[in-house]
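Okay, so here's the structure we're looking at.
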Amino acid sequence: MNGDEASALGEAKVPLLEDRNLRDDHEHRDLPRRVWIESKKLWHIVGPSIFSRLVSYSMLVITQAFAGHLGDHELAAISIANHVIVGFDFGLMLGMASALETLCGQAFGAKKYYMLGVYMQRSWIVLTMCCVLLLPLYLFASPFLKLLGQPAELAEFSGEVSIWMIPLHFSFAFQFPLQMFLQSQLKTRIIAWVSFLSLIVHAFISWFFVYKLQWGVIGTAATVNFSWWILVFGLMGYTVFGGCPLTWTGFSTEAFSGLWEYLKLSVASGVMLCLENWYYVILILMTANLKDAEIAVDALSICMTINEWELMIPLGFFAGAGVRVANELGAGNGKGAKFATIVSVVTSIIIGIFFWMLIMVFHNELGYIFSSSPAVLDAVNKLSLLLAFTILLNSVQPVLSGVAVGSGWQSYVACINLGCYYLVGVPLGFLMGWYFDLGVMAIWAGMIFGGTALQTLILLIVSLRCDWEKEAEKARLHLSKWDNPKSQLN
């Protein structure tokens with residue numbers, strides 16, 4: 001290369017560097033505006049999602065409250081039926097339905113609107129088949145509960161209540177896909193309104209069935225069925241009768257094609273979320289087997305209830321991050337997906353820090369909400385530090401899981417969850433709590449810092465090292481695999 005060529009090359013590089021510096025400077029100065037725009041998009045999903053989850057949780061609280069006024073035996077029966085039988089079913093079905101967050105979110109971002117309706121119908125088919133396969137869980141709930149060590153009389157009563165909840169079981173197959181379908185296209189207000197209507201109806205019919213018709217605990221189970229099917233028909237009515245003109249074009253025979261591929265993604269999503277949900281059940285079961293465990297279980301249950309209430313907020317961000325990342329990847333915008341991830345995580349962490357500080361300041365008063373026993377209050381006070389750090393970790397972990405769902409990493413994250421929770425967290429909690437006889441705090445600390453913290457760290461590293469442009473290309477290829485000729489015309 002001669003001197004003139006080198007000089008020309010150097011002159012060519014200077015404008016390129018100047019353009020890049022100007023672009024970076026412009027993006028830096030424009031950052032507050034970009035954060036504001038992304039935050040508005042995020043909260044458009046997160047706000048109604050948090051509200052609808054709080055409403056669903058409140059339905060359970062109302063049901064248990066009415067059962068509790070009938071008697072301790074009735075309260076125990078409805079609690080076991082809800083937390084053990086329905087809880088297992090709920091986590092699996094919700095996880096399987098979350099496959100739609102990947103497919104519908106990416107299809108909506110790619111403007112392949114017709115496919116959203118087809119994906120939802122495939123989900124209905126797969127989840128209904130799973131409901132049929134899981135039906136023995138309800139029909140034979142009594143022997144199943146006896147196998148778990150429940151007293152025979154209570155197991156029989158809980159089994160009778162569980163049979164009355166079979167309609168609730170089948171409502172999951174339709175309500176969850178409808179929610180994911182609407183959420184993916186940012187139609188979140190209708191979910192919030194229908195959820196609110198269901199809550200009002202649920203409170204009224206619970207009073208009517210229990211106190212006016214004198215149906216007892218069976219009446220409380222029947223009200224849950226009724227309220228959840230209101231959710232189904234409300235969301236279905238909105239979808240079918242003009243609420244989604246682009247994404248719902250009627251029932252299609254194409255829904256019966258590609259079921260095997262959808263089933264695989266759906267099962268991976270179900271396993272991913274179930275491994276997280278069952279983790280805290282194992283924590284309570286391990287605590288219940290300690291010596292003189294009654295106080296420890298009472299205190300832990302109080303802490304878990306507070307944690308579950310606050311968890312509705314990170315779960316809202318789980319939905320928001322999943323939809324935003326899926327939309328951006330479907331549109332081929334890798335940078336947009338990365339920016340949506342950063343804004344989601346940072347916003348959720350700020351909220352998590354607020355609640356962490358709240359618990360640290362009021363740790364002495366937390367237990368008074370649920371108990372007046374000095375022993376229980378003292379135990380809750382001791383556990384409050386772990387509760388605070390659990391809430392702080394939960395402000396990050398669900399959001400990163402939502403990013404994973406939006407990106408289609410379910411199988412990969414399921415393996416991470418299995419390793420972190422059950423190969424590290426549970427053995428560590430068992431070792432610290434039982435082998436070293438350090439009690440419930442050691443069990444919880446081992447499971448939180450050995451499982452949840454490790455999983456959060458791994459997901460954070462994966463997200464930071466992710467090539468988002470490559471993920472956008474993968475999303476395009478993934479959508480083309482699921483695509484069909486008819487969708488090209490819509």
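Just the heavy atoms: all of them, side chains too, but no hydrogens, waters or symmetry mates, feed the values below.
With hydrogens and angles ignored, the 3.5 Å screen pairs no side-chain donor or acceptor of Ser142 with any backbone N or O of Glu160. Side chain of Asn394 to main chain of Pro314: no donor-acceptor pair is present (N/O by atom type, distance under 3.5 Å, no hydrogens or angles). For Ser348 (side chain) and Ser395 (main-chain N/O), a donor-acceptor pair under 3.5 Å exists by modelled atom type. With Gln121 contributing its side chain and Ser252 its backbone, the two residues share a donor-acceptor pair below 3.5 Å. Not a single donor-acceptor pair under 3.5 Å links the side chain of Ser49 to the backbone N or O of Val46. Side chain of Gln183 to main chain of Thr188: no donor-acceptor pair is present (N/O by atom type, distance under 3.5 Å, no hydrogens or angles). The backbone N or O of Lys335 sits less than 3.5 Å from a side-chain atom of Glu469, completing a donor-acceptor pair. A donor-acceptor pair under 3.5 Å links the side-chain atoms of Ser171 to the main chain of Leu168, judged by distance alone. For Trp228 (side chain) and Gln175 (main-chain N/O), no donor-acceptor pair under 3.5 Å exists by modelled atom type.
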Candidate pair Trp468 and Val325, rule side chain to side chain contact (heavy atoms under 4.5 Å, CB included), full reasoning: CA-CA 10 Å; Trp468 289 102; Val325 169; 4.1 Å; yes
Ring pair (Phe, Tyr, Trp, His ring centres under 6.0 Å) between Phe317 and Trp43, intermediate numbers included: CA-CA 9 Å; Phe317 280 93; Trp43 277 101; 5.3 Å; yes
Full working for side chain to side chain contact (heavy atoms under 4.5 Å, CB included) between Val403 and Ser344: CA-CA 9 Å; Val403 172; Ser344 301; 5.8 Å; no
From CA spacing to verdict: ring pair (Phe, Tyr, Trp, His ring centres under 6.0 Å), Phe172, Phe176: CA-CA 6 Å; Phe172 295 158; Phe176 292 152; 5.1 Å; yes
Test side chain to side chain contact (heavy atoms under 4.5 Å, CB included) applied to Leu457 and Cys420, step by step: CA-CA 10 Å; Leu457 179 62; Cys420 293; over 6 Å; no
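The existence of a salt bridge linking Lys41 and Glu38 is excluded, since no basic side-chain nitrogen approaches an acidic carboxylate oxygen closer than 4.0 Å.
Counting only N and O atoms by type, the side chains of Glu471 and Ser407 include no donor and acceptor under 3.5 Å apart. Side chains of Ser401 and Gln397: a donor on one and an acceptor on the other come within 3.5 Å.
Among all heavy-atom pairs drawn from Leu42 and Gly320, the shortest one is CD1-C, 3.8 Å. In terms of heavy atoms, Gln179 sits closest to Ile191 at O-CD1, 3.7 Å.
Proximity of Arg53 to Ile50: side-chain heavy atoms (C-beta onward) are nowhere separated by under 4.5 Å. Considering only heavy atoms from C-beta on, Leu231 comes within 4.5 Å of Ser198 through its side chain. Contact of the Tyr119 side chain with the Phe181 side chain is not registered, since no non-hydrogen atoms from C-beta on lie closer than 4.5 Å.
By the 30° and 60° cut-offs, the orientation of the rings of His169 relative to Tyr138 is tilted.
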